[in-house]
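Here's the structure we're looking at; comments come further down.
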Amino acid sequence: MTETPSTLVERADALRALHKTGDPLVLPNAWDAGSARAVVAAGFPVVATSSAAVADSLGYADGEDTPADEMFAAVARIVRAVPVPVTADLERGYGLSPTELVERMLAAGVVGCNLEDSDPRTGALYDAEEQAELLAAVRAAAGAAGVPLVLNARIDLYLRGAGDPADRTADAVRRARRYREAGADCVYPIALADPEQIAELVAGAEAPVNLGFKPGVSSLAELARLGAARVSFGPGPYHVSKGRTVALLDALRAGGNPYAPPSA
């Protein structure tokens, strides 16, 4: 069922309001309708997708290898399956114009998205001004459509290892401020893990900050203490689920009980 404009506005507003520095929105990212329903059943108020997880579940590689039609169809199935706001990882927009990107998001029922500031195929970082222009155009298209989409601007400096490491966080702060000026609601310095650098970025970003929960992170409480307004798990839940499926099949192939509880 197609969501009404008023419902989309309500969901976008609800999603935006959940970004609270020090009391983060926690997003254990989903990849299909079943995993999205599990996220809601566990009590989480928002479903977020992971482009890498959705891509792999559809038989594609991450990095905009998934055709836009298939990605949006997958996201639309997730939206139909849950009664909560859905924010989608849309890489860098699959080559769509900002207007078409917004039109397809709203047609799918999505009220938020991630947009990357590096080329998903080559890893090359875009100039901050070029990325700001993209964000501003998406914000303008959403405004024209009457739905205040929640834009999460990914900062890929740490992921790509770009620039001088000594200057990386200062550059990330500059990008965060510029993206916020361009209309981003939140900034996402993906792969940033150093607590001192996180604290520096949170202090200077002048925007809610999305942090990633990766192996080695001590706890959600620690990320909240560092000032996260949003915490993403990316493809982690998908990889754990896929790994358990592999273990089940290995046990079956070995003649064991595939439903036996996994060992510690």
Side-chain angles (χ1 to χ4, degrees), residues 3 8 10-20 23-58 62 64 66 71-94 101-102 104-106 108-116 120 138 142 147-156 159 184-192 207-214 217 220 223-224 228-242:
E3 303 293 347
L8 293 174
E10 290 171 3
R11 289 185 176 181
D13 288 342
L15 171 58
R16 182 175 289 100
L18 288 167
H19 290 69
K20 300 174 183 176
D23 182 18
L25 170 64
V26 178
L27 299 171
N29 302 65
W31 58 92
D32 61 10
S35 58
R37 284 177 172 157
V39 168
V40 175
F44 294 95
V46 171
V47 169
T49 70
S50 157
S51 67
V54 174
D56 194 73
S57 74
L58 294 174
D62 196 20
E64 294 197 350
T66 310
M71 179 59 72
F72 280 100
V75 171
R77 288 192 293 271
I78 289 171
V79 171
R80 289 196 298 270
V82 296
V84 301
V86 175
T87 179
D89 180 353
L90 297 178
E91 305 194 61
R92 203 170 183 267
Y94 303 98
L101 179 63
V102 168
R104 299 190 72 162
M105 288 173 62
L106 297 181
V110 169
V111 295
C113 70
N114 289 6
L115 290 173
E116 305 171 5
V138 172
V147 179
L149 295 174
V150 178
L151 303 184
N152 189 28
R154 215 175 80 173
I155 298 171
D156 289 359
L159 177 68
D185 297 281
C186 186
V187 296
Y188 182 13
I190 189 169
L192 173 59
V209 175
N210 183 169
L211 297 177
F213 195 105
K214 306 290 185 183
V217 172
L220 285 170
L223 294 180
R230 171 170 170 161
V231 175
S232 299
F233 283 71
Y238 174 74
H239 290 315
V240 169
S241 177
K242 188 175 179 180

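As the structure is a prediction and not an experimental result, all values here were calculated from the model.
- Distance alone, capped at 3.5 Å, places no donor-acceptor pair between the N114 side chain and the L90 backbone.
- Ring orientation note: the planes of F213 and F233 are close to parallel, at an angle under 30° on the 30°/60° scale.
- P24 and A224 make their closest contact through CD-CB, 3.6 Å (heavy atoms, listed as atom of the first residue, atom of the second, distance).
- Smallest separation of non-hydrogen atoms from Y188 and S232: OH-CB, 4.0 Å.
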E116 vs R154, salt bridge (Lys or Arg N to Asp or Glu O under 4.0 Å): CA-CA, chis, key distance, verdict = CA-CA 5 Å; E116 305 171 5; R154 215 175 80 173; 3.3 Å; yes

TODO: Under the side chain to side chain contact (heavy atoms under 4.5 Å, CB included) rule, what do V147 and V102 come out as? Steps first, then yes or no, please.
DONE: CA-CA 9 Å; V147 179; V102 168; over 6 Å; no

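- The only option from V86, L25, V84 that meets the side-chain contact (heavy atoms from CB on, under 4.5 Å) definition with L15 turns out to be L25.
- In this structure, D89 has no salt bridge (Lys or Arg N to Asp or Glu O under 4.0 Å) partners at least two apart in sequence or on a different chain.
- When all heavy atoms of A14 and P85 are compared, the pair lying nearest together is CB-CG, 4.4 Å.
- Counting heavy atoms from C-beta on, the side chains of V150 and V111 never come closer than 4.5 Å.
- Once rounded to the nearest 0.5 Å, the distance linking CG of L106 with CG of L101 reads 9.5 Å.
- Residues forming a salt bridge (Lys or Arg N to Asp or Glu O under 4.0 Å) with K242 (at least two apart in sequence, or on another chain): D56.
- One side chain, S51 or D62, offers a donor N or O that lies under 3.5 Å from an acceptor on the other.
- Between the side chain of R230 and the main chain of V187, no donor-acceptor pair closer than 3.5 Å is present.
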Mind running side chain to side chain contact (heavy atoms under 4.5 Å, CB included) on V54 and V75 for me, showing each step along the way?
CA-CA 9 Å; V54 174; V75 171; 5.7 Å; no

Decide side chain to side chain contact (heavy atoms under 4.5 Å, CB included) for L151 and D185; before the verdict, give the C-alpha distance in whole Å, the side-chain angles of both, and the deciding distance to 0.1 Å.
-> CA-CA 5 Å; L151 303 184; D185 297 281; 4.1 Å; yes

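- Annotation: K20, atom NZ; neighbour count of heavy atoms from other residues, nucleotides and ligands within 6.0 Å does not exceed 12.
- Nearest heavy atoms, N152 versus N210: ND2-OD1, 2.9 Å.
- Checked by atom type and distance alone, the side chain of T87 pairs as donor or acceptor with a backbone atom of C113 at under 3.5 Å.
- For the pair E64 (side chain) and G93 (backbone), a donor-acceptor distance under 3.5 Å is present.
- A side chain to side chain donor-acceptor pair (under 3.5 Å) check over residues 32-42, counting only residues at least two apart or in different chains, returns the pairs D32-S35.
- Of all heavy-atom pairs spanning S50 and N29, the tightest one is CB-CB, 3.9 Å.
- When all heavy atoms are compared, the tightest approach of L149 to G112 is CD2-N, 4.3 Å.
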TODO: Take V26 and F44 through the test side chain to side chain contact (heavy atoms under 4.5 Å, CB included) and record every step on the way to the result.
DONE: CA-CA 7 Å; V26 178; F44 294 95; 3.9 Å; yes

